[in-house]
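Atom set for the values below is all heavy atoms of this structure, side chains included, hydrogens, waters and symmetry mates excluded.
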Amino acid sequence: MLFRAPVVQIKRLTLSVLCLFVPAAMGNPATADSRQSSPQQIEQVSVEQVAQYVAKHAYEQAEQLTLLSIEKAKQGNIRSPYTFFQLGTILQNADRYQSSNQALRLALAQYTQLGELNMVSRTLLALGTSEHHLAKYASASNYFHRARSIATMQGDGAFEAEILMQLGIMQKEQGEIEQALATLKSALALFRQQQVLHRISACLANIGDVYLTLSYFSDARRYYEDAFAMAQTLESTALQGDITAKLGAVELREGQTSRAIDLFNQALLLLHQDGDTAATSETKMLLGEALVKHGDTQAGLTLLNNSYGYALQTNRHPLIKQTRLALANAMLAIQDFDQALKYAQNGTLHAREVSDIRSQMDFLTLQVNAYAAKGDFRKALDIQSVLQSIREKMLQSENQAVIGRLQAEVELERQSQALQMLKKTKAMELAQAEHRHLATTLAWSISLAAVLTLFLIWGRFKQRQQNIVLRREVRQATVELENKNSELENAYKTLEQVSLRDTLTGLYNRHYLESQLPAEIKRSQFAIRQNKEGVKANQDLLCLLIDIDHFKRINDDFGHIAGDKVLVKFSQILREVFRQTDLIIRWGGEEFLVVCRQSSKQELPEFAERCRAAVAEATFDVNADTPIQVTCSIGFSVLPPHHNTQFDENWQQTFALVDYCLYAAKLSGRNGWVGVTDSSSQRKASPSSLPIDKKFNFSQSKIATSFNNIASITWPDE
């Protein structure tokens, strides 16, 4: 027997959807004038009254009040679709699915008319849940898929995962095991992507249920343990109790009865803290089943009967079904065959009413076992034939023809029972004939059971093989995806090298500078404005333009290949002189541009001299008899010269300025540097006579140079 129907999970799903996705309910009615209430207040009172009836288990009154509200809506007295959404979910949690559906359908029609897609999808999920409870799988699947389409369109990943999890649970109940597993794993991936931790734990537990259905106990236990660990992290006693009970079900299926009893008791302690009466009752039912198998029959039957009474009182159909199965098995164990038949027959009739084919098969199997134990092999064989027919139909197709065939076969079984009643009046006449055919009937029954067993074993083997093939395909697809990602990453790196870097030196090019420099200038300007008393330390951008002296002569004397080697060696020296965070750009030909980030303008002369000296001290191998010496000239400035100007002006002015300083260094004898460490555009009474100030309209600039003094600088002609 499977662990239990996921009714508690479905109810918690509905509540979580209400908490996570539905807007807050309307406020409490105003008390200023109790004689005059607004329509919204009246509607809220109706919702609260229905909730109170359900809390008192007065389900008929709750349904009557809901139907009255629906009738008022048709007359135009109630306008809020949210009222009917609330009423529908309240009745759904009380297992009153027919009335719940009426309220939810009305809410769906109104939300659709208003065009509120978000609430349309929530209502569709609630309707699918009700149809699922009523075993109307086709319509439930339709509602779930419609809800998912809206969730996908709106990009609501968390809600789409909720729908997929519910759909996977239903597919498991329909016997679509592989599809259910794929659907639940898709839901798990979405939950992880959205970081919905409490739903990740629930989804892991549902995947464990699928593996438990397949009797893959080690896989089921692994998923349950992962779900339990996450529930502990979330400090959710409800989830911990629920998953502990599932672990107990695994032990019970493996025959570890004592271990199962311990786990069920632990689960009851956790569920008692959470106050979940329904989950507690279901766990007690499982504990009763385990106690009966363990030999403590009286205690086990007491728990089973208590759970059965609670299920009947609250009209919880899944729990009624599970408890009947457990009671029928317990009665078989203590050889009370008539009572076992009573539970099995009632369960068969109820399962047929809700079109639950799998439950019918479970109860019919119990009837076969009970009749065989009583020695009534003819009835056992008749029901076994019905059961075999249903199994064959299930293996071929899950459709409405199966239900019709099942009803016909059950009717045939009833007729067989009536015939047996007539034969009892002639028991003496038929006694000898029954004895003659007893051996033959028993032989046929055993043969049929053996064939069925072999068929089921073969089906299980094929299913396992399909799972192995599926896992292999998934692994192969994963490897291919990783290879594609690696190729894309390499292609991206190659593209970056081509578009943003100089192919010879490996330094960044102008395109890279143009993409990075605006943000750096804005950052520097912002930092300066934030400090009202002056520029903060290490907040300046420094710009140095460096040119290799007499580079054309190197190309003419040694060739262009030698010139390329000089450029490569020169770029290596720049990397050693400047920091990794500085931008080093090949500006063009033999010119290089360096932008030092988060520096102080007072360091400009130090940076320039360090660079000049490093180049002058280095030797350059150009495949000549002896290495050659190379020098460089440098012009520099703060970037931008004025922090209150726009970026485009900063860009043009700064690079015109550093180019002017570089030209001055070359005219002054090369192997040196000239630059501006500070400048001002505010006019003074006595204007500066320096050519650089006149050219760039500076009132007074601070010049730094490696030559003797400022007077020794030869400035370019204006």
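For Leu541 against Val595, the heavy-atom pair with the smallest separation is CD2-CG1, 4.1 Å. Closest non-hydrogen pair, Ala205 versus Ala227, comes out as N-CB, 3.9 Å. Closest approach of Asn555 and Gly563 over heavy atoms only: OD1-CA, 3.3 Å. Closest approach of Val622 to Ala562, counting heavy atoms only: CB-CB, 3.6 Å. Minimum interatomic distance between Val674 and Cys661 (heavy atoms only, all atoms of both residues): O-CB, 3.2 Å. When every heavy atom of Asp693 is checked against every heavy atom of Gln700, the shortest pair comes out as OD2-CA, 4.0 Å.
Going from atom CG of Leu184 over to atom CG of Asp209 covers 9.0 Å, rounded to the nearest 0.5 Å. Between Thr129 atom OG1 and Met170 atom CE the span is 10.0 Å, to the nearest 0.5 Å. Note that the NZ atom of Lys694 and the CD1 atom of Ile692 stand 13.0 Å from one another [nearest 0.5 Å]. In this structure, Tyr663 OH and Thr714 OG1 are separated by 11.0 Å, a value rounded to the nearest 0.5 Å. The CG atom of Leu125 sits 11.0 Å away from the CD1 atom of Ile150 when rounded to the nearest 0.5 Å. Atom OG in Ser201 sits 6.5 Å away from atom CG in Leu234 (nearest 0.5 Å).
Using the six-membered ring where Trp is involved, Trp587 and Phe655 have ring planes that are parallel, under 30° apart on the 30 and 60° scheme.
With no hydrogens or angles considered, no side-chain donor-acceptor pair links Arg471 and Asn467 at under 3.5 Å. At a cut-off of 3.5 Å, with distance as the only test, no side-chain donor of Lys172 or Asn206 sits close to an acceptor on the other residue. Side-chain atoms of Ser633 and Asp547 form no donor-acceptor pair, as typed in the model, at a separation below 3.5 Å.
Within a 6.0 Å radius of CD1 in Ile468, other residues, nucleotides and ligands contribute more than 12 heavy atoms. In Gln465, the CD atom is crowded: over 12 heavy atoms of neighbouring residues, nucleotides or ligands sit closer than 6.0 Å.
You'll find the side chain of Arg199 stays beyond 4.5 Å of the side chain of Gln194, heavy atoms only. Within the 4.5 Å cutoff, the side chain of Ile573 has heavy atoms near those of the Phe620 side chain. The side-chain heavy atoms of Leu181 and Ile207, taken from C-beta on, include a pair separated by under 4.5 Å. The shortest side-chain heavy-atom distance between Lys569 and Val566 does not fall under the 4.5 Å cut-off. Taking the side chain as every heavy atom from C-beta outward, Pro716 and Tyr660 approach each other to under 4.5 Å. Counting heavy atoms from C-beta outward, Ile628 and Thr619 have side chains that stay 4.5 Å or more apart. Phe570 is listed as a side-chain neighbour of Ile546, based on a closest heavy-atom distance under 4.5 Å. Residues Leu212 and Lys246 have side chains not in contact (no heavy-atom distance under 4.5 Å, counting atoms from C-beta outward).
A donor-acceptor contact shorter than 3.5 Å is absent between the side chain of Thr183 and the backbone of Leu164. The main-chain N or O of His511 is found under 3.5 Å from a side-chain atom of Asn509 such that the two form a donor-acceptor pair. Looking at Arg148, its side chain never comes within 3.5 Å of a backbone N or O of Glu160 through a donor-acceptor pair. Between the side chain of Asp540 and the backbone N or O of Lys601 there is at least one donor-acceptor pair closer than 3.5 Å. Looking only at distances, no side-chain donor or acceptor of Thr505 sits under 3.5 Å from a matching main-chain atom of Val568. A donor-acceptor contact shorter than 3.5 Å links the side chain of Asp582 to the backbone of Arg579. When atom types are taken as modelled, the side chain of Ser236 and the backbone of Ala231 share no donor-acceptor pair closer than 3.5 angstrom. Side-chain atoms of Arg586 never come within 3.5 Å of backbone atoms of Ser571 as a donor-acceptor pair (strictly under, hydrogens ignored).
Shown here are the salt bridge (charged side-chain N to carboxylate O under 4.0 Å, His left out) partners of Arg222, two or more places apart in sequence or in another chain: Asp219. Remark: Arg472 engages no residue in a side chain to side chain donor-acceptor pair (under 3.5 Å) (not counting sequence neighbours). Evaluation of the salt bridge (charged side-chain N to carboxylate O under 4.0 Å, His left out) rule for Asp556 yields Lys552 as partners, not counting sequence neighbours. Under the side chain to side chain donor-acceptor pair (under 3.5 Å) criterion, Arg464 pairs with no residue, sequence neighbours left out.
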Item to complete: Given side-chain contact (heavy atoms from CB on, under 4.5 Å), test Phe592 with Asp502 step by step and report yes or no.
Response: CA-CA 11 Å; Phe592 295 83; Asp502 175 59; over 6 Å; no
Item to complete: Give the C-alpha distance, both sets of side-chain angles, the deciding distance and a yes or no for side-chain contact (heavy atoms from CB on, under 4.5 Å) between Leu197 and Thr233.
Response: CA-CA 9 Å; Leu197 299 183; Thr233 302; over 6 Å; no
Discussion item. side-chain contact (heavy atoms from CB on, under 4.5 Å) for Val196 and His198? Distances and angles first, verdict last.
Written reply: CA-CA 6 Å; Val196 189; His198 66 289; 3.5 Å; yes
Fill in: side-chain contact (heavy atoms from CB on, under 4.5 Å) evaluation trace for Leu639 with Ser637
CA-CA 6 Å; Leu639 177 63; Ser637 172; over 6 Å; no
Under 3.5 Å, side-chain donor or acceptor atoms of residues 185-192 against the rest of the protein: list the pairs with distances, not counting sequence neighbours.
unit_1, atom_1, unit_2, atom_2, d
Lys185, NZ, Tyr211, OH, 3.4
Ser186, OG, Ala182, O, 3.0

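Pairs passing the salt bridge (Lys or Arg N to Asp or Glu O under 4.0 Å) check and including a residue from residues 602-614, sequence neighbours excluded, read Glu606-Arg610, Glu609-Arg612.
Using a 4.0 Å cut-off between charged side-chain N and carboxylate O, Asp621 and Lys565 make no salt bridge.
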